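Just below is one structure, and these are the notes that go with it.
Bear in mind that the values here come from a model prediction, so they are computed numbers and not experimental data.
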Amino acid sequence: MKVLRAQPCSPPPGRLCEGPVWDGSRLLWVDIRAGLLHQGVLDGADIRLVETLRLDGPVSAVLPCASGSLLVTVGDRICRIVDGLVKDIVPLRFPDDGVIRRMNDAKVDPCGRVFAGSMSEDGVTGSATLYRLDPDGTVSMSRTGVTISNGLGWSPDGGTLYYADSPTRRVEAFDYDLDSGTLSNGRVFVEFADGDPDGLTVDADGRVWVAVWGAGQVRAFDPDGRPYAVVDVGPSQVSSCTFAGPDLDVLVITTAAEQNAADEPEAGRLFTCRPGSTGLPITPYADTGLVADAQ
């Protein structure tokens, strides 16, 4: 098994950095509680911060759209940023049960649908949902009864969805129907004894790279679940990862500095390493139907 070490990057640390995405020419990531959307570029294995946009609530994910705009999840809303303006696609109707919820991790499937999950700030068991946003703006529920909806990723052929409900301490695998956008046959892919699986990404060989919150590592697994590599990061709250760069060979890792972890060296920074693997190009959200409706 490979053992690797990540290196800290130049952007100043945030409080809860998450959701790194490489759109082919730039790196996007968020600082959730600060409501910040960052844009940067790769400089070798370093990252140079280019621009920051402040939004009006906790921003938990950013995703490129086919129209050239950006999709963001902000509080209880799924929005697009068009010409610098934030426009709602759909507000989500969370249950009126006294539980404080917000959106969390989100990814686009190989056909251009968005999957975006929620969570409760107090970690109320079973209070969260995994939503699916179709290209026409329709929202449906793909999974209910989850607690902290987190990492999402698809196998290279699109037939398997990997998904983390963090407090379960496992990543599940589902059969995924590309035509309908539905998942079935859920089973345990990997389990963790010393941390919670957070964001994840899948490489071109089908290996699953999982940020392990509380363990200070990213861990990679072969498609059959066997350990392949460990990336030691340093700060304990490793939150997500993605492959970036022109060759998709730089693993970018986000970390957090929440509560007791705020005093850890380099907590909240971005990190990179070159693990000898390459990632998969992302699919943008197929929002062209929304654009046509707006014209």
message: Could you go through Thr138 and Ser140, starting from their C-alpha distance and side-chain angles, then the distance that decides it, and tell me whether this counts as side-chain contact (heavy atoms from CB on, under 4.5 Å)?
response: CA-CA 7 Å; Thr138 301; Ser140 57; 5.5 Å; no
- prompt: Are the side chain of Lys107 and the backbone N or O of Gly153 linked by a donor-acceptor pair below 3.5 Å?
  reply: no
Hey, can you pull the donor-acceptor pairs under 3.5 Å for the side chains in residues 30-44, sequence neighbours left out?
unit_1: Asp31; atom_1: OD1; unit_2: Arg15; atom_2: N; d: 3.4
unit_1: Asp31; atom_1: OD1; unit_2: Leu16; atom_2: N; d: 2.9
unit_1: Asp31; atom_1: OD2; unit_2: Arg15; atom_2: N; d: 3.1
unit_1: Arg33; atom_1: NE; unit_2: Glu258; atom_2: OE1; d: 3.3
unit_1: Arg33; atom_1: NE; unit_2: Glu258; atom_2: OE2; d: 2.7
unit_1: Arg33; atom_1: NH1; unit_2: Glu121; atom_2: OE1; d: 3.4
unit_1: Arg33; atom_1: NH2; unit_2: Glu258; atom_2: OE2; d: 2.9
unit_1: His38; atom_1: ND1; unit_2: Thr52; atom_2: OG1; d: 2.8
unit_1: Gln39; atom_1: OE1; unit_2: Arg26; atom_2: NH1; d: 3.1

message: Distance check, rounded to the nearest 0.5 Å: Cys17 atom SG versus Phe271 atom CZ?
response: 10.5 Å
- prompt: What's the spacing between Leu270 CG and Gln7 CD if we round to 0.5 Å?
  reply: 13.5 Å
task: Begin with the C-alpha distance, continue with both residues' side-chain angles, and end with the deciding distance and a verdict on side-chain contact (heavy atoms from CB on, under 4.5 Å) for Trp213 and Ser239.
output: CA-CA 6 Å; Trp213 180 278; Ser239 56; 4.1 Å; yes
query: Of all residues at least two apart in sequence or in a different chain, which pass the side-chain hydrogen bond (donor to acceptor under 3.5 Å, both in side chains) check with Arg170?
result: none
query: Can you find a pair of side-chain heavy atoms, one from Leu280 and one from Leu248, that are under 4.5 Å apart?
result: no
- prompt: Hey, is Arg113 close enough to Asp136 for a salt bridge, meaning N to O under 4.0 Å?
  reply: no
- prompt: Can you find a side-chain donor-acceptor pair between Ser236 and Glu264 that sits under 3.5 Å?
  reply: yes
- line: By ring-ring contact (aromatic ring centres under 6.0 Å, His included), Trp22 pairs with (sequence neighbours left out) none
- prompt: side chain to side chain contact (heavy atoms under 4.5 Å, CB included) with Asp177: which residues, sequence neighbours excluded?
  reply: Asp179, Ser180, Thr182
message: For the residue pair Thr73 / Ser60, report whether a side-chain donor-acceptor contact shorter than 3.5 Å exists.
response: yes
field: Which residues share a side chain to side chain contact (heavy atoms under 4.5 Å, CB included) with Asp122, sequence neighbours left out
entry: Val124
task: Check whether Leu28 and Val74 end up in the same hydrophobic cluster, where Ile, Leu, Val, Met, Phe, Trp and Tyr are linked by side-chain heavy atoms less than 4.5 Å apart.
output: yes
- prompt: Do Val212 and Asp196 touch side chain to side chain, with heavy atoms closer than 4.5 Å?
  reply: no
message: Before we go on, tell me: are the rings of Phe221 and Trp209 under 6.0 Å apart, centre to centre?
response: no
From CD (Glu266) to SG (Cys9), nearest 0.5 Å: 10.0 Å
task: Kindly determine whether Ser277 and Arg207 satisfy side-chain contact (heavy atoms from CB on, under 4.5 Å), including the steps that lead there.
output: CA-CA 9 Å; Ser277 299; Arg207 300 185 188 100; 3.6 Å; yes
- line: Nearest heavy-atom contact between Ile282 and Pro64 is CD1-CG, 3.5 Å
Set of salt bridge (Lys or Arg N to Asp or Glu O under 4.0 Å) partners for Asp46, sequence neighbours left out: none
- prompt: Ignoring hydrogens and geometry, is there a side-chain-to-backbone donor-acceptor pair from Arg132 to Gly181 under 3.5 Å?
  reply: yes
query: Hey, mind stepping through Phe115 and Leu183 against side-chain contact (heavy atoms from CB on, under 4.5 Å) and telling me if it holds?
result: CA-CA 12 Å; Phe115 281 75; Leu183 44 150; 4.1 Å; yes
field: Leu71, Asp23, Leu70, Leu55 screened by side-chain contact (heavy atoms from CB on, under 4.5 Å) with Val62, the one that passes
entry: Leu70
field: Partners passing side-chain hydrogen bond (donor to acceptor under 3.5 Å, both in side chains) against Thr242 (at least two apart in sequence or in another chain)
entry: none
field: Whichever hydrophobic residues join Val82 through chains of side-chain contacts under 4.5 Å
entry: none
task: Count the heavy atoms belonging to other residues, nucleotides or ligands that lie under 6.0 Å from CG of Asn260, then report whether that count exceeds 12.
output: no
query: Relative to Phe192, does Arg169 satisfy both conditions: NZ or CZ under 6.0 angstrom from the six-membered ring centre, and within 45 degrees of the ring's axis?
result: no
message: Please check this pair: side chain of Thr255 against backbone of Arg269, looking for a donor-acceptor N/O pair closer than 3.5 Å.
response: yes
statement: Looking only at heavy atoms, the pair that brings Asp198 and Val238 closest together is CB-O, 4.1 Å
Ile78-Met141 co-clustered via ILVMFWY side chain contacts under 4.5 Å: yes
message: Quick one about Asp109 and Trp154 (side-chain donor to acceptor, distance below 3.5 Å, no hydrogens or angles considered), yes or no?
response: no
- request: Would you check if there is a donor-acceptor pair between the side chains of Thr125 and Thr147 at a distance under 3.5 Å?
  value: no
field: Nearest atoms (heavy-atom pairs only) where Gly206 meets Pro223
entry: O-CG, 3.4 Å
message: Applying a strict under-4.5 Å side-chain criterion to I, L, V, M, F, W and Y, I'd like to know whether Val146 and Met119 cluster together.
response: no
message: With a 4.5 Å cut-off on side-chain heavy-atom distances among I, L, V, M, F, W and Y, is there a chain of contacts connecting Phe174 to Leu130?
response: yes
message: Whether the side chain of Thr278 engages the backbone of Asp249 through a donor-acceptor N/O pair (distance < 3.5 Å, no angle test) should be reported.
response: no
query: With sequence neighbours left out, what residues match Asp97 under salt bridge (Lys or Arg N to Asp or Glu O under 4.0 Å)?
result: Arg101
- prompt: What's the shortest heavy-atom distance between Ser118 and Ala128, and which atoms?
  reply: O-CB, 3.2 Å
message: Is a donor from one side chain sitting under 3.5 angstrom from an acceptor on the other, for Asp165 and Asn150?
response: no
Identify each donor-acceptor pair in which a side-chain atom of residues 156-163 lies under 3.5 Å from a protein atom, sequence neighbours left out, and give them as a table.
unit_1: Asp157; atom_1: OD1; unit_2: Ser155; atom_2: OG; d: 2.7
unit_1: Asp157; atom_1: OD1; unit_2: Gly159; atom_2: N; d: 2.9
unit_1: Tyr163; atom_1: OH; unit_2: Ser149; atom_2: OG; d: 2.7

- line: Heavy-atom closest pair (Ala45 atom, Arg274 atom, distance to 0.1 Å) is N-NH2, 4.2 Å
statement: Looking only at heavy atoms, the pair that brings Cys241 and Gly199 closest together is SG-O, 4.5 Å
message: Can you tell me how far apart CG (Leu133) and CD1 (Ile89) are? Round to the nearest 0.5 Å.
response: 5.5 Å
- line: d(Trp29 CH2, Leu49 CG) to nearest 0.5 Å is 5.0 Å
message: Test your reading of the model: is there a side-chain donor-acceptor pair from Asp224 to the backbone of Arg226, 3.5 Å cut-off?
response: yes
query: Among pairs that include at least one residue of residues 81-95, which meet side chain to side chain donor-acceptor pair (under 3.5 Å), considering only residues two or more places apart or in two chains?
result: Arg77-Asp88
- prompt: Quick one: does Ser67's side chain have a donor or acceptor within less than 3.5 Å of a partner on Asp287's backbone?
  reply: no
statement: Those residues at least two apart in sequence (or on a different chain) that pass salt bridge (Lys or Arg N to Asp or Glu O under 4.0 Å) with Arg187 are Asp175
- request: Please check if the side chain of Ser166 supplies one atom and the backbone of Pro197 the other of a donor-acceptor pair under 3.5 Å.
  value: yes
